[in-house]
Amino acid sequence: MTGATVRVAIAGSGCVLPSGWGVQRFWSAASEARSGIALLQSKLFHSERVTAFGHVSDEDHQTSRQDVAQNLQRYCPPAVIWGVSAVRQALVEAGLEPGNDGLRYGLYCCQGGYTHPSLAAYGELLHECRDESGADMRRLAQRVLRERALDPFLVLKSLSNGLLGVVSLALKLECECNAYMQGVAGNLAALREACAALQSGRIDAAIVVGAGSELDPLALAALAEAGVISTDGSQTLRAFDRQGTGGIAGEGAAALILRRADDLPDGPQTCLSGLTAHPRLGSLSLPDKQVDLLVSSASGDPHKDTDLARTLARAGASHITSSVPVTGILSGAPSLVDLILSRHALQAQRVPPIIGLQQPVEPQLPFVLGEGRDAVLRDCLIINRDDNGFSACYQLDYQAAGQPF
């Protein structure tokens with residue numbers, strides 16, 4: 001996107017995260033150093049080694065359900081419901097009404113946490129069919145074979161394009177659309193395609209949404225085996241801290257509405273000015289100028305975060321922060337959440353702190369500790385890295401009302 005003549009602006013955003021329902025709750029939690037990570041709670045499993053999780057509260061889930069028609073909810077694992085709610089929030093902020101505003105839309109979705117519906121559905125069904133002597137196999141067979149308790153919706157809920165399908169139905173969209181995998185790579189691919197569609201003139205507004213949950217024993221076990229999350233019972237994620245003990249998983253959804261900047265009314269704008277990626281973190285292309293704000297992913301592992309900090313040092317940022325201690329490590333929308341945080345930091349001219357950071361792995365870097373700080377912010381760099389090493393870099397430029405880019 002560097003050097004593109006058509007600037008792409010973020011016109012609206014929405015989210016359902018461990019910090020709460022809506023962008024304002026997320027921004028408040030980040031600004032006030034309140035983490036959404038809590039004790040892991042599940043009716044279906046228990047762990048003494050993985051004891052914390054970034055939960056979306058039941059209250060926020062119920063709020064999100066109001067954004068999805070009852071007849072569609074049967075197709076939805078929780079994360080898909082959050083995704084629809086996040087999109088509706090973003091459309092409201094952008095002042096858009098698909099089908100009534102005459103705009104051509106594009107829909108680009110990233111979905112994570114595919115194993116959640118299957119094991120949860122079986123577990124809930126077995127629990128319903130238990131009596132004092134154990135499992136009532138006759139009742140279980142009746143539920144499965146006659147009442148079709150697991151068919152066909154179990155399969156539909158597990159599809160990697162389920163989010164795309166439900167958002168399309170919920171909003172009655174007929175448009176260009178694509179489904180992508182989870183994680184940093186999926187978010188980057190969705191954003192790249194959305195920007196390309198806007199710049200080519202194929203569409204007038206892009207909906208980019210990611211959603212996912214790892215609240216499933218198989219998913220958590222895989223993350224633990226891969227070293228992504230801690231297995232020592234830790235209940236805090238210490239990003240870029242020498243005392244960090246590893247990551248903690250989370251769940252949630254985030255959505256952005258992207259539009260051509262020239263199509264928006266006069267006023268403050270936050271524009272995407274660069275999207276780059278590289279399989280190796282050390283080879284990631286960074287801007288050749290110092291940036292005011294840097295928002296980075298983190299692992300909670302001191303060794304991995306030290307390696308990441310070396311790349312952050314190359315950016316020469318004035319202030320560095322991270323959203324990961326607020327939400328936990330997200331499968332569906334890691335980059336979208338960081339874009340939302342960055343946009344609000346630029347609008348508020350304030351940098352939120354890195355929650356819990358006390359002993360930085362690289363003390364010379366300008367990590368924001370303790371409390372947030374006011375600052376003059378004109379641009380922002382976002383660096384995201386998956387545990388597999390794939391890295392992405394996003395650049396944002398901020399234009400206050402009446403100021404040129």
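Each residue takes its place number in the sequence, starting with 1. All figures in this text were calculated on a predicted structure; none of them were measured in a lab.
Between the side chains of Thr63 and Glu59, no donor N or O sits under 3.5 Å from an acceptor N or O. A donor and an acceptor atom, one from each side chain of Ser335 and Asp338, are nowhere located under 3.5 Å apart.
Salt-bridge formation is detected for the pair Arg343/Glu93: a Lys NZ or Arg NE/NH1/NH2 atom is positioned less than 4.0 Å from an Asp or Glu carboxylate oxygen. The pair Asp397-Arg7 fails the salt-bridge criterion, with no side-chain N (NZ, NE, NH1 or NH2) lying under 4.0 Å from an Asp/Glu carboxylate O. The residues Lys304 and Asp301 are annotated as not salt-bridged, no charged nitrogen and carboxylate oxygen being separated by less than 4.0 angstrom. With respect to the salt-bridge test (charged N to carboxylate O, under 4.0 angstrom), the residues Glu362 and Arg242 do not qualify. The pair Asp305-Arg238 does not meet the salt-bridge criterion, since no charged nitrogen lies less than 4.0 angstrom from a carboxylate oxygen. In this structure, Arg49 does not pair ionically with Asp232, as no charged nitrogen and carboxylate oxygen lie closer than 4.0 Å.
Between the OG atom in Ser64 and the CD atom in Gln73 there is a gap of 10.0 Å [rounded to 0.5 Å]. Here the straight-line distance linking atom CD of Glu32 with atom CD1 of Ile355 works out to 10.0 Å at 0.5 Å rounding.
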Could you walk me through whether Arg385 and Asp307 pass the salt bridge (Lys or Arg N to Asp or Glu O under 4.0 Å) test, one step at a time?
-> CA-CA 11 Å; Arg385 179 174 71 168; Asp307 183 42; 3.1 Å; yes

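You'll find the ring centres of Tyr180 and Tyr108 outside the 6.0 Å limit.
Summarising the local packing, CD of Glu174 is surrounded by 12 or fewer heavy atoms from other residues, nucleotides or ligands at distances under 6.0 Å. Within 6.0 Å of CZ in Arg192 there are more than 12 heavy atoms belonging to other residues, nucleotides or ligands.
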